[in-house]
Protein chains: 2
Amino acid sequence: MTVRQRLLDAAAELIAERGWGAVSTRVLADRAGVGSGVVHYHFDSLQAVLTEASLGALRTAVDELPQVLDSVDTPADALAALLAALDGHGGQELFIETFLAATRNDELRGAVAEILIRFRAVLAAWLAERDVPTPVETAAVLAAAVDGVLLHRALSADLTREVVVPVLGRVLR
Amino acid sequence: MTVRQRLLDAAAELIAERGWGAVSTRVLADRAGVGSGVVHYHFDSLQAVLTEASLGALRTAVDELPQVLDSVDTPADALAALLAALDGHGGQELFIETFLAATRNDELRGAVAEILIRFRAVLAAWLAERDVPTPVETAAVLAAAVDGVLLHRALSADLTREVVVPVLGRVLR
DNA sequence: GAATGTACTGGACGAACGTCCAAATCGCCA
DNA sequence: TGGCGATTTGGACGTTCGTCCAGTACATTC
């Protein structure tokens, strides 16, 4: 793996671990196993690394969404698969941190909003095929609800799949 | 208002505006209109200000929840009131930032978890009175979903009450 | 083997950070 | 008025920050 990619992977890890505002050039270089100067050799700024890393993780997650959804049939299984898929990507904190950072950076906001639109579109198409009412609106709310569940789950371990799926499943009828 | 309270108010504002990790002693003192040294006269550390400010905002929101819920009758109105109430408290970003900070600080995590339990309990009691099935689980998921909606709404203005309430309302039947 | 260009190192730079503290200021009681 | 404790100030401290850059290492080309 190239040094550039190692930096991006390390950035995604550190955003989730420490928060967007607490990732520094030196810990980033350390985690990637390179000298501290290499960050500004491959990227214009620290913010550029964080932005590219977080957007890459989001895009990967959305790109994998169709095959995740198509591997299940029932809405309940889809919900469970959705939660598991987003949970797996280096911790839910990365997505939440990126959303929050996007509210404070116009360039990032536009990119995240675009990815979110694609996420909703894929989800809405799957819902429409299964005759869920108002698939577009349902997809938008469901995407938000799943993010909220991931956030709360970080603090409250009892928000398990067994609790979430039956309740959120009512949205899909 | 005391200087101490002005510092707490300024801290809540700045956490929402800049993020937990980007609030410094100097901008905090500036926003409160005091000298930079006064922060460590009233508080042990910068983290102590942020912690007390964010927990105070959370507790206030939960304390106001019963009267918010009791002022409406239908589940749809309750959802709308819930969204509006949490939205009003100096921006939804404060709550999300606090949740994320709590995942990285054990003392904060315990306090936030306790407040979340109270929030769920109040909501569950209201749901039980209206014969919503599995009120405890529904309250837990609904609290998470509302937080997620607030987060997504910051990036996507089309997640209006008119879209959210009908979809999330299906959870309450 | 010399030259060239890419990739990387480690340290320098000024700025901003959290924390602390001596001095200045305030309100209040003797 | 004088004195005292509580409050506030602005700056000092050592550290860490983002960024930059002279120098090194290495592969590739003549």
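Predicted, not measured: the structure shown is a model, and the values here were computed from it. Chain identifiers are assigned alphabetically (A, B, ...) following the order of the sequence lines, protein sequences preceding nucleic acid strands; residue numbering begins at 1 within each chain.
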If you apply the rule side chain to side chain contact (heavy atoms under 4.5 Å, CB included), what do you find for A/Val49 with A/Asp44, and how did you get there?
CA-CA 8 Å; A/Val49 195; A/Asp44 286 341; over 6 Å; no
Span of DNA chain C in contact with chain A (heavy atoms, under 4.0 Å)
C/dT6 to C/dA12
Mind listing the closest non-hydrogen atom pair of B/Val27 and B/Arg18 along with its distance?
CG1-NH1, 3.6 Å
Under the side-chain contact (heavy atoms from CB on, under 4.5 Å) rule, collect the residues that match up with B/Val68, sequence neighbours excluded.
B/Ala81, B/Ala85
Tell me, with the steps shown, if B/Gln47 and B/Trp20 meet side-chain hydrogen bond (donor to acceptor under 3.5 Å, both in side chains).
CA-CA 9 Å; B/Gln47 290 304 311; B/Trp20 188 282; 3.0 Å; yes
Tell me, please, which residues at least two apart from B/Val62 pass side-chain contact (heavy atoms from CB on, under 4.5 Å).
B/Ile115, B/Arg118, B/Phe119
Quick one: do A/Asp158 and B/Arg120 make a salt bridge, cutoff under 4.0 Å?
yes
Which pairs of donor and acceptor atoms, one on a side chain in residues 136-147 of chain B, lie under 3.5 Å apart (sequence neighbours left out)?
| from | atom 1 | to | atom 2 | distance (Å) |
| --- | --- | --- | --- | --- |
| B/Thr138 | OG1 | A/Arg170 | NH1 | 3.2 |
| B/Thr138 | OG1 | A/Arg170 | NH2 | 3.2 |
| B/Thr138 | OG1 | B/Pro133 | O | 3.1 |
| B/Thr138 | OG1 | B/Thr134 | O | 2.7 |
| B/Thr138 | OG1 | B/Thr134 | OG1 | 3.2 |
| B/Asp147 | OD2 | A/His152 | NE2 | 2.7 |

Please list, chain by chain and in numerical order, all residues satisfying salt bridge (charged side-chain N to carboxylate O under 4.0 Å, His left out) with A/Asp73, sequence neighbours excluded.
none
Between atom CH2 in A/Trp20 and atom C1' in D/dG18, what is the gap in whole Å?
16 Å
Who passes salt bridge (charged side-chain N to carboxylate O under 4.0 Å, His left out) against B/Arg4, sequence neighbours left out?
B/Glu52
Using a 4.0 Å heavy-atom cut-off across all strands, classify A/Thr25 as base, sugar-phosphate, or nothing.
base
Take atom NE2 of A/His40 and atom P of D/dC20, then tell me their distance rounded to the nearest Å.
6 Å
Go through residues 98-111 of chain A and report each residue with a non-hydrogen atom lying under 4.0 Å from DNA chain D, sorted by number.
none
Pairing residues for B/Ala32 by the side-chain contact (heavy atoms from CB on, under 4.5 Å) criterion, not counting sequence neighbours
B/Arg6, B/Leu7, B/Ala10, B/Val34
Applying a 4.0 Å non-hydrogen cut-off, can you work out what A/Val23 is touching in the nucleic acid: base, sugar-phosphate, or nothing?
sugar-phosphate
Under the rule for side-chain contact (heavy atoms from CB on, under 4.5 Å), what residues qualify as partners of B/Glu114, not counting sequence neighbours?
none
Are more than 12 heavy atoms, taken from residues, nucleotides or ligands other than A/Glu107, located less than 6.0 Å from that residue's CD atom?
no
Distances for protein N/O vs nucleotides 8-12 of chain D N/O pairs under 3.5 angstrom?
| from | atom 1 | to | atom 2 | distance (Å) |
| --- | --- | --- | --- | --- |
| D/dT8 | OP2 | B/His42 | NE2 | 2.8 |
| D/dT9 | OP2 | B/Gly35 | N | 2.5 |

Got a sec? Which of residues 49-57 of chain A come in under 4.0 Å of DNA chain C, heavy atoms?
none
What I want to find out is whether B/Arg104 reaches A/Glu97 closely enough, with some N-O distance under 4.0 Å, to be called a salt bridge.
yes
Just to be sure I understand: a Watson-Crick pair is purine N1 to pyrimidine N3 plus N6-O4 or O6-N4, both under 3.5 Å. Using that and G-U wobbles, which stems of three or more pairs involve DNA chain C?
C:1-30 with D:1-30
Side chains of A/Arg130 and A/Thr74: is there a donor and an acceptor less than 3.5 Å apart?
no
Heavy-atom count check: over 12 atoms from other residues, nucleotides or ligands less than 6.0 Å from B/Arg31 CZ?
yes
